[in-house]
Structures are given as C-alpha cells and as structure tokens.
Amino acid sequence: MRRRMLAVLAVFGLLAAACTSGGDESSATGESPSGPVTLTMWHGYTDVEADWFNAAIDQWNSQNPDIQIDPLFVNNDKALQKLTVALQGDEAPDITYQYGSSLPSVATAPGLVDLTDWTQQPDVNWEDFVPGAREAATFDGKVLGIPALIDNLAIVYNKTLFDEAGVEYPNADWTWDDLRAAAKALTDPSKKQFGFSYPMDASEDSVWHYEPLLWQNGGSILNEDDTQAAFNSPEGVEALDVLAGMAVEDKSVFLDLQNSPYTGLFNSGKIGMLETGPWDLASFPDVDYGVEILPGFNGDHQTIAGPDMWTVFDNGDGRAQAAQEFLQWLTAPEQIQQEDLATGHLPIRLSVAQDPAFIDQFAKTIPGVDVFAANLANVEQARPVIEAYPTLISEAMGLAIVSALLGEKDPQAALDEAAAQTNDALALSG
Amino acid sequence: MDRFRRFLVSDHAAGWAFILPSVILIVVFGLIPIVWGLILSFQKAGLISPEREWVGLGNYAKIASDPKARQAALNTITYTLLFVPTSILASLFIAHALNRKIAFVHFYRLAVFIPVVTSTIATGIMFLWLFDKNYGLANWLLGKIGLGPFGFFEDPNQAMIALVLMTVWGWLGFDTIIYLAALQGVPQELIEAASIDGSSRWSTFWRVTWPMLGPATLLLVVWSTISALQLFDEVFFVTHGGPLGRTSVVVFYVYRLAFEQGLGSLSLAGYAAAIAYVLFLVILMLTLAQFWLGRRVVHYSS
C-alpha cells in the first residue's frame with residue numbers, strides 16, 4: 001500500500017514542482033561552441049534500432065572531438081512527461097525525440113529552439129524531406145522539429161491462412177467491403193482465429209487506424225479552420241459502420257484492449273490481417289506474410305502518416321548550434337540509407353525513397369517494407385496540428401470508436417457524442 | 001549565546017539530530033510539494049509552459065460540472081465499497097484458517113504474503129494473462145464448468161469487478177498478517193472460559209474473538225479505505241482507465257489531466273491539483289469520521 005501512497009505523493013510533488021519552473025532566457029542560437037561540448041540526447045531506440053543508433057553515434061563522436069553526443073534511452077511513450085519534469089529542474093536535454101503529435105505541447109516549453117533558419121541553409125536541403133514529415137514538424141508557421149521517422153499504415157496479411165480458407169490475397173483495388181468479407185471467411189471461433197485485429201485502448205492508436213477510412217470516404221476530422229468537429233458526418237459514420245459491423249455482427253475482429261498481444265497472435269497464426277505499420281514486420285518471423293496498401297472507399301486508397309521528430313533545446317554555450325550540426329549529419333542521405341537498411345525505418349528523404357538501387361536492397365532486407373515505402377505517396381492529409389487534438393479530441397474520438405466496436409453505442413450516436421466533446425475542447429483551447 | 005549552548009546539549013537537539021534525515025525527506029518530498037500543489041490549484045497552469053494565471057477558486061468550481069470528474073468519483077466510490085469489505089472479510093477468513101497448528105503453516109503464511117511484495121506490474125501482467133477473454137486460464141477453467149466466457153478487463157461491465165479481484169489478491173497478505181497477529185493476541189483463557197460455559201465455536205468467534213479484533217479491524221478499515229481511494233498503479237498499468245472510462249478512478253484522472261492532456265497551453269495541471277486537493281480533504285474527513293466512530297464501538301482490551 002505504500003506504493004500507492006507514494007504514487008499520490010509523486011503526483012502532488014510533481015504538480016507542485018511545476019510552480020518553480022524557471023523561464024530562463026535563451027541565448028542567441030547562432031553562436032558557435034567555444035570549446036568541446038557534450039550534448040545529451042534522448043532517444044527511444046531498442047534492439048536493432050539501438051544497434052544502428054549507437055554505431056552512428058560512435059562514428060560521429062570519433063570524427064568530431066569538439067561535439068560529443070551522450071545518448072540516453074527514454075521510452076518514446078513517456079518522452080513528453082519526462083521532458084516536462086526535466087524542464088522544471090532546468091535540466092532539459094539538448095536533443096530529444098518526440099512524437100509528432102506532442103509538438104503543440106512542446107511548443108510552449110521555454111528554451112525550445114526555432115529551427116526555421118536551419119531549414120533555409122542549402123546544405124540541409126529541407127525540401128528533400130518527405131512532405132508529411134515537414135508539415136508535422138511545423139507549428140504556427142515555425143519549424144520546431146527535425147524529422148526523425150515516418151510511418152504509415154497498410155495491410156499485413158498471413159498468406160497461409162488465406163490459402164487455407166481459399167480466399168484471394170488482398171490487392172491494390174480492394175474495397176473495405178472486400179476486407180470485411182475476407183475477415184469473415186478467415187474467422188474460426190473453434191480455433192480462436194480472427195480475420196482482423198483492432199487496437200482498443202482508446203488511445204490515439206484506436207483513432208489513427210480509423211482516420212484513413214474517414215478521409216478515403218471524403219470526410220475530415222475537423223472543419224476547415226479547426227474550430228468544429230467534422231468526423232460525425234455521414235461519411236465518418238459510414239466509415240465507422242464498416243469497422244463496427246466487423247466487430248459486432250461478424251465478430252471477425254480481435255479486440256486488442258492492451259494494444260500489444262496482437263503481434264504475438266499474428267505471429268502464431270491466430271489473426272489473418274492487420275492494419276499496421278512497418279515497425280511490426282520484424283515481429284513476424286514465423287509467418288509467411290504479404291503487405292498490401294489499404295483498401296479504399298470509391299477508389300481512394302490514401303493512408304495516414306505517423307511522423308516523429310528531433311527537437312532541440314537551448315542550454316547556452318553554443319550547444320544548440322552544435323546540436324543542429326549533428327542532426328544535419330544524422331539526417332543526411334548517407335546516414336538515412338544506413339539507418340533504413342539496418343532498422344527497416346522508411347526513408348525520411350525523397351532522394352533516398354526514389355533511389356531504385358536503394359529500394360531494391362531495402363526490399364531484400366525486410367520483405368514487404370518496399371510496399372510501405374511506396375505507400376508514403378498515398379499520404380495526402382495530416383492530423384490537425386493543434387494542442388487539443390492529441391489530448392482531448394483524440395480521447396473523445398478514441399472512446400467513440402471503442403464503444404462502437406464493443407457494440408455499446410451505434411456509430412452515429414458515438415461520433416455525435418465525441419463531436420460535442422470535441423467542440424467543447426476547441427472552445428476551451430481557442 | 002548561553003541559550004544556544006544550552007539547546008545544543010539538551011535532549012531536544014539530540015532528538016532533532018537523530019530524526020533530521022527523515023525530516024528533510026518529509027519536508028522536501030512531502031510538505032513543500034503539498035504547499036506548492038495548493039498554490040497550483042488556484043492557477044490555470046500547464047507543466048511545460050512557465051505561464052501561470054491566478055484563477056482563485058475557479059478550478060474548484062469547475063469540478064462539479066465536469067462529467068469525467070463525476071465518473072471518476074463514482075468509479076472510485078464503487079471500487080472502495082467493493083474492495084474494503086471484500087479484502088477485510090477474506091483476510092479474516094484466511095487469518096483464522098492459518099491461526100492453528102497444521103503442517104506447513106509457515107509455508108502457507110509465506111504464500112499468502114508473497115503477492116504483497118510482488119511488484120504491481122508483475123501482478124498486472126499475470127492477471128492480464130489469467131483474465132484474457134480468448135486465451136486466458138480463468139475462462140478455460142470456467143468453461144469446464146459451463147460458465148463464460150467472460151470479458152473481464154475487456155468488458156465495460158466487468159472490468160471493475162476484475163480490478164477488485166486483482167487488487168484484493170494483491171493486498172490480501174497484508175491484511176492477513178495484521179489479523180493473524182491480532183488473533184494471536186486474543187487471550188486463550190477467554191476462549192476456554194467461553195467453551196466451558198457451553199458457547200459454540202461460531203458464537204465464541206463472534207462474541208469473544210471478533211470484539212477483541214476491533215483495533216485491528218479499525219486499522220484495516222481506515223488503511224484500506226485510504227489506499228482504495230488512492231488507487232492508481234493497477235489502473236494505470238492494467239486498464240488505463242478503460243474500457244470506456246469505467247475504471248478511470250480519481251487519481252488516474254488527475255494524472256491524465258496533469259501529465260498527459262494539460263501539459264501545454266491547455267493548462268489543466270492547476271485543475272488536476274484542485275481535484276487532488278478535494279480528494280485529500282475527502283480522505284481526511286473520512287478518516288477522522290472512521291476514528292471517531294471507531295472510538296465508540298471498538299473495544300481496547302488494556
């Protein structure tokens with residue numbers, strides 16, 4: 001029980017610590033480091049990603065005695081919380097990895113470096129970064145992050161299960177009704193086998209798996225000027241109807257409350273199809289899988305991108321300048337090629353993505369990853385880059401989607417309720 | 001100067017010196033945060049941005065009209081009403097069963113206590129597996145006798161019950177040890193006297209043993225109520241408030257507001273601090289009421 005007391009004390013304590021925050025003046029970011037500096041860099045890389053990352057850091061450190069990088073592992077899911085605490089103690093890292101959706105929150109932090117000038121240097125070749133990643137790094141007209149990673153969603157399917165059920169593999173012309181029919185055919189309650197899986201933790205993960213359907217069907221998340229909810233339109237309801245029908249009527253969906261057992265279940269042949277990203281491919285060594293772009297509505301097959309970024313904090317002494325130099329090296333085409341081949345990350349630069357020799361080699365290292373790389377071209381829209389989106393709006397939409405898939409509410413009622421909450425949230429933050 | 005020297009050699013100074021390390025810890029991690037939290041609760045403030053706006057009692061006024069706060073409060077009350085009686089009755093039963101001369105009794109006592117020292121995360125992972133809707137052991141066993149399958153943590157109407165079962169299991173050992181100690185403090189001659197007077201075992205327990213356990217029961221009721229109202233770890237790790245907010249308890253909601261949603265310009269940390277303060281006042285009053293009630297009904301033997 002002491003642990004609970006401590007948890008509450010910690011909440012009190014950290015809330016309290018917030019009062020002490022110091023708004024220290026940031027020094028000019030243009031100055032160069034006067035002597036050797038060691039920069040703290042937070043990253044969330046594990047396994048093969050960590051192997052590549054540490055090797056890259058070692059290479060940089062040996063070549064640049066004046067700018068040493070000191071990497072520190074911080075779980076990406078908690079990077080924003082951890083940054084919050086660090087800021088209270090004036091101990092912000094020089095460089096930290098952040099989810100794209102956190103940018104509007106991070107933007108209010110004292111000491112965050114505006115990178116707009118950096119992007120205008122010719123060596124950086126800013127226009128070469130994938131458009132979706134550039135948009136996500138820009139808030140209020142200022143570039144506040146350097147693209148670190150970009151993902152998108154496609155269909156990963158188990159070929160063996162399709163063959164056993166005598167169902168044709170997904171193709172690029174599939175509709176969501178085709179996917180629904182296939183999922184139903186692949187479902188076998190006696191074997192605890194499901195046709196499809198859906199993340200049910202009501203987090204942004206539950207939301208962004210639905211948003212491509214919304215967009216494909218002609219709907220949008222918010223109205224033009226981000227002042228009103230728009231996802232409860234007939235298009236949005238129709239899109240959710242497909243998923244809810246699969247989950248409630250067909251019972252062909254593994255409803256993954258924890259949003260993690262699905263990888264293990266897919267790898268042991270219990271799930272026929274996943275709507276997921278390239279990061280999962282390495283978890284499926286036991287399955288003969290295929291990858292295909294998302295099914296569509298009315299021939300529209302657009303997907304959604306999840307961009308992450310490096311943000312820089314100014315801790316004086318020209319450290320911010322040094323951090324930008326390092327990140328420029330880390331995100332240069334040569335490093336990106338090495339990174340992608342080692343980790344399966346998708347190319348963050350167009351020049352890499354459009355290099356046929358590279359793509360050839362890429363597809364050989366991780367089967368199916370080339371489909372994800374090509375799928376970046378199907379990214380047409382971004383989620384709203386406003387602070388209320390990743391917090392309150394995402395929560396309202398997540399609850400609506402989960403309650404529709406559980407059969408607690410019908411899609412129209414669920415989305416209407418979420419729209420009302422969204423409008424409240426927008427009024428609050430506007 | 002004289003006075004200072006006298007203080008230095010007095011028992012007072014020595015006493016303070018001995019407790020200084022823990023006093024520093026309590027002040028730094030307890031008192032200062034409590035005061036700062038109070039100040040924060042009167043401000044519109046996020047944790048990232050240094051901007052603070054004084055809003056007086058505005059944050060407190062907002063709580064009454066917040067449906068999510070109401071849901072969190074109801075969930076917390078439901079959880080407490082289920083958790084406290086269940087854990088106390090179950091631990092009383094187990095303590096009674098272990099308070100006798102049977103083979104391997106030390107092994108059983110150890111087994112009962114092990115969940116208390118097991119990390120919440122390990123307990124959580126284990127129960128997620130046990131209570132898995134499709135592949136869990138619980139549904140497999142229940143299926144053998146024709147029950148289920150149950151959704152447990154995945155079913156909005158069962159998640160709270162599953163949470164109570166998990167936490168009761170996790171904390172049972174603590175309550176059991178307290179009861180076991182109290183049971184061993186019940187004078188044997190009282191039990192003998194009762195049985196010589198022809199009292200049945202059942203009535204001996206309720207007329208003699210149970211009143212003697214009064215102080216232990218009061219302690220456990222107060223302690224369990226406080227920890228039930230502060231439930232956080234299990235919810236954070238196992239259900240994250242879901243499904244559909246049915247296990248979103250007050251402390252978890254405070255965390256969500258302050259550390260996930262209101263970090264930046266939405267500035268909900270002050271509001272979260274206000275809710276934390278209301279919870280603190282509720283716990284304080286409830287505890288005082290329990291002690292007041294306890295003094296009137298609990299029998300202290302000495």
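Just so it is clear, the model here is predicted, and its values are computed rather than measured. In what follows, every chain begins at residue 1, and chains take the letters A, B, ... in the order their sequences are listed.
Side-chain atoms of B:Y60 and B:S41 include a donor-acceptor pair closer than 3.5 Å. No donor-acceptor contact under 3.5 angstrom links the side chains of B:N75 and B:Q71, judged on distance only. Between the side chains of A:S101 and A:E204, no donor-acceptor pair of N or O atoms lies under 3.5 Å.
With B:F232 as the fixed residue, the ring-ring contact (aromatic ring centres under 6.0 Å, His included) test singles out one of B:Y79, B:Y255, B:Y253, B:F237: B:Y255.
Residues of residues 398-408 of chain A having a heavy atom under 4.5 Å from any heavy atom of chain B, listed by number: A:L399, A:V402, A:S403, A:L406, A:E408. Near-neighbour residues of residues 126-135 of chain B relative to chain A, defined by a heavy atom under 4.5 Å from a heavy atom of that chain, comprise B:L128, B:N134, B:Y135.
A donor-acceptor contact shorter than 3.5 Å is absent between the side chain of B:E234 and the backbone of B:T120. Under the 3.5 Å distance criterion, the side-chain polar atoms of A:Q88 are matched with a main-chain donor or acceptor of A:T84. Of the possible polar contacts, none joining the A:Y262 side chain to the A:F196 backbone as a donor-acceptor pair under 3.5 Å is found. No donor-acceptor pair closer than 3.5 Å links the side chain of A:N76 to the backbone N or O of A:Y99.
The number of heavy atoms from other shown groups lying within 6.0 Å of NZ (A:K142) does not exceed 12.
Atoms CG and CD1, from B:L172 and B:I114 in turn, are 13.5 Å apart once rounded to the nearest 0.5 Å. Atom CH2 of B:W171 and atom OG1 of B:T123 lie 8.5 Å apart (nearest 0.5 Å).
Proximity to chain A is absent for every atom of B:P67, based on heavy atoms less than 4.5 angstrom apart. Heavy-atom distances place no part of A:K82 under 4.5 Å from chain B, backbone and side chain included. In this structure, the portion of B:F236 lying under 4.5 Å from any heavy atom of chain A is its side chain and not its backbone. Contact annotation for A:A109: both backbone and side-chain heavy atoms come within less than 4.5 Å of a heavy atom of chain B.
B:Y271 carries B:K62 over the face of its six-membered ring, with the cationic atom under 6.0 Å from the centre and within 45° of the normal.
When B:A45, B:P156, B:G245 are compared by the number of non-hydrogen pairs under 4.5 Å with chain A, B:P156 comes out ahead.
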